[in-house]
Amino acid sequence: MELSYILNELGEDRELYFNAVAPPIIQTSNFACKTVAEMREMLKNESDVYFYTRGNNPTITILEKKMAALEGAEHAIAFGSGIAAVSAAVLSQVKAGDHVVCVKKPYSWTNTLMKSFLPRFGVEVTMVDGTDASNYKNALKPNTTLLYLESPNSFTFELQDIEAIVAIARAHNCSTIIDNSFATPLYQNPLAMGVDLVVHSCTKYIGGHSDVMGGIICGKYETINKIFVQEYMTLGAVLDPHAAWLLIRGLRTLPVRMDRIAASTRKVVEYLSQHPKVEQILSPFIENNPQYELAQKQMRSNTGQFTITLKTDDIAKIDLFCDSLKHFLMAASWGGHESLIYPVAASYNTGNYKSSLPFNMIRFFIGLEDPDYLIKDLEQALRKV
Ligand SMILES: *Cc1c(COP(=O)(O)O)cnc(C)c1O
């Protein structure tokens with residue numbers, strides 16, 4: 001299916017709503033039936049009909065159809081946040097007594113799910129360094145049912161060899177889930193590499209404007225339908241129709257935003273990589289990265305995130321550099337129009353968010369601004385330290 005068709009036409013029944021170009025926000029919780037017979041039919045098959053919005057809703061269906069098509073999936077199911085999608089996907093693949101192998105240093109709340117939430121329900125988790133696929137194999141136990149990937153992972157952007165890990169999973173009869181938020185469906189398609197379920201935080205690149213939250217799971221029709229009647233309906237972390245509408249709007253411009261972000265990021269990274277005060281840049285798409293070849297094999301492009309370490313052992317200098325940036329906002333998340341930094345120094349040895357990463361590490365996200373405007377800002381902030 002062509003990308004332009006997916007983003008502009010797929011799932012949109014314009015003749016049903018006055019040929020409006022933008023779909024209506026069907027802001028309703030309920031859908032009425034005319035007869036008992038009709039209601040009986042609905043109840044037989046709630047996952048396929050419009051009956052109640054914690055279930056299906058026409059605006060949300062448009063988003064699900066487009067996301068499924070973008071990932072080459074049979075079906076998709078939307079959630080109210082990325083972590084709701086991650087949690088539902090993981091819970092759908094485990095029961096008490098099972099064992100999960102998960103990549104080390106995934107997204108922070110995925111880490112909490114694995115390390116403290118699942119164990120409460122008798123699910124054991126082993127976290128492995130995902131840069132070597134054999135670590136997944138060596139961690140397998142007779143009761144392993146799920147291998148969980150996030151490639152590239154958060155903050156340090158290490159890759160997992162997706163095809164190699166899928167082969168390990170298949171040989172052991174395990175399922176696989178990958179968090180594909182970093183790469184977007186434009187730049188990496190794990191289902192084509194044999195992964196069972198792909199999850200996204202739509203809050204990031206899909207929405208693209210830092211004004212909406214959402215998540216999605218893409219996979220086989222049967223697997224998604226099982227999630228519908230279990231985790232989706234019982235945990236109830238549904239997307240609302242207005243949020244779905246904003247995400248559809250975000251999708252219209254996803255390719256142009258990603259092109260721009262990828263190109264600007266290459267320019268900013270090139271600038272930083274020759275700067276004497278920058279110690280290291282972490283990004284799979286830098287040629288001296290040992291995983292560069294794997295990145296070329298399983299991804300189509302870099303995106304806007306990378307991490308740097310500054311050459312200093314003085315935390316005050318990190319503070320000064322970050323505080324001096326005028327055009328990078330200091331915030332969580334990424335994927336919007338605005339460039340961001342997230343300094344490890346903010347969570348170094350403090351409170352609940354204690355980080356094990358070095359304090360001179362700063363995560364960047366490059367947004368839609370002119371890259372030269374950003375480079376000028378980096379230049380003046382680096383001069384100060
Ligand atoms: C942000 C993020 C999530 C969680 O998404 P929310 O929409 O914030 O719940 C999950 N995975 C990754 C990789 C993320 O960056």
Side-chain angles (χ1 to χ4, degrees), residues 60 63 67 71 76-91 102-115 117-118 127 130 148-160 162 176-188 190 195 197-218 231-232 235-240 242-244 246-247 250-251 254 258 261 265 282-284 299 302-307 329 331-336 338-342 344 347 353 355 357 363-367:
I60 298 168
L63 173 71
M67 285 300 296
E71 280 294 6
I77 188 166
F79 290 81
S81 70
I83 196 62
V86 168
S87 297
V90 168
L91 290 172
C102 176
V103 66
K104 248 188 200 158
K105 289 186 282 154
Y107 172 69
S108 52
W109 295 103
T110 303
N111 198 51
T112 303
L113 172 75
M114 296 290 174
K115 282 195 164 157
F117 191 92
L118 291 181
M127 312 288 283
Y148 186 91
L149 298 83
E150 185 184 295
S151 184
N153 72 338
S154 296
F155 239 101
T156 46
F157 309 125
E158 287 135 3
L159 305 185
Q160 296 108 65
I162 298 172
T176 44
I177 299 175
I178 189 168
D179 184 330
N180 200 30
S181 307
F182 178 102
T184 81
L186 299 186
Y187 293 163
Q188 181 168 273
V195 171
L197 291 172
V198 168
V199 296
H200 283 278
S201 167
C202 298
T203 311
K204 311 291 167 56
Y205 286 121
I206 308 301
H209 296 76
S210 302
D211 55 9
V212 62
M213 304 202 72
I216 200 134
I217 308 178
C218 305
E231 290 76 21
Y232 178 79
L235 300 176
V238 295
L239 193 66
D240 88 282
H242 183 241
L246 284 168
L247 293 170
L251 279 178
L254 183 66
M258 295 314 295
I261 287 169
T265 304
L282 303 177
S283 159
M299 298 175 73
N302 67 295
T303 54
Q305 305 97 293
F306 61 90
T307 290
L329 302 181
S333 195
W334 40 265
E338 77 289 11
S339 292
L340 300 168
I341 54 163
Y342 192 104
V344 170
S347 52
Y353 288 89
S355 177
L357 296 167
R363 185 185 71 190
F364 277 79
F365 166 70
I366 302 301

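Both ligands and their constituent atoms are indexed starting at 1 by order of listing. Quick note: residue numbers are just sequence positions, from 1.
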Pairing of Glu150 and Lys105 as salt bridge, 4.0 angstrom limit: no

Heavy-atom side-chain contact between Leu149 and Asp179 under 4.5 Å: no

Within-cut-off N or O pair, Thr110 and ligand 1, under 3.5 Å: no

From Ala85, Ser87, Ser201 - option closest to atom 5 (O) of ligand 1 by heavy atom: Ser201

Close-contact set for ligand 1 against Ser81 heavy atoms, below 4.0 Å: 7 (O), 9 (O)

Nearest-contact summary for atom 6 (P) of ligand 1 - protein heavy atom, Å: Gly82 N, 3.3 Å

Side chain, backbone, both or neither: the part of Ile83 lying under 4.0 Å from ligand 1 by heavy atom: both

Within-cut-off N or O pair, Glu150 and ligand 1, under 3.5 Å: no

Any N or O of Val86 closer than 3.5 Å to N or O of ligand 1: no

Distance filter under 4.0 Å to Met213 heavy atoms, resulting ligand 1 atoms: 7 (O), 8 (O)

Asn180 side chain to Glu71 side chain, donor-acceptor N/O pair below 3.5 angstrom: yes

Positive for side chain to side chain contact (heavy atoms under 4.5 Å, CB included) with Tyr148, one of Thr176, Ile178, Val199, Leu197: Val199

Closest approach of any protein heavy atom to atom 14 (C) of ligand 1, naming residue and atom: Lys204 NZ, 2.8 Å

Closest protein heavy atom (residue, atom, distance) for atom 7 (O) of ligand 1: Thr203 OG1, 2.6 Å

Nearest-neighbour protein heavy atom for atom 11 (N) of ligand 1, which is reported as residue plus atom name and distance: Asp179 OD2, 2.6 Å

Lys104 NZ/CZ over Phe155 ring centroid, <6.0 Å and within 45° of normal: no

Within-shell test, Trp334 vs ligand 1, heavy atom, strictly < 4.0 Å: yes

Shortest non-hydrogen contact between Asp211 and Leu246, atoms and distance: O-CD1, 4.1 Å

Tyr232/Phe79 aromatic ring centres below 6.0 Å: yes

Side chains of Leu239 and Leu247 in contact at under 4.5 Å (non-hydrogen atoms): yes

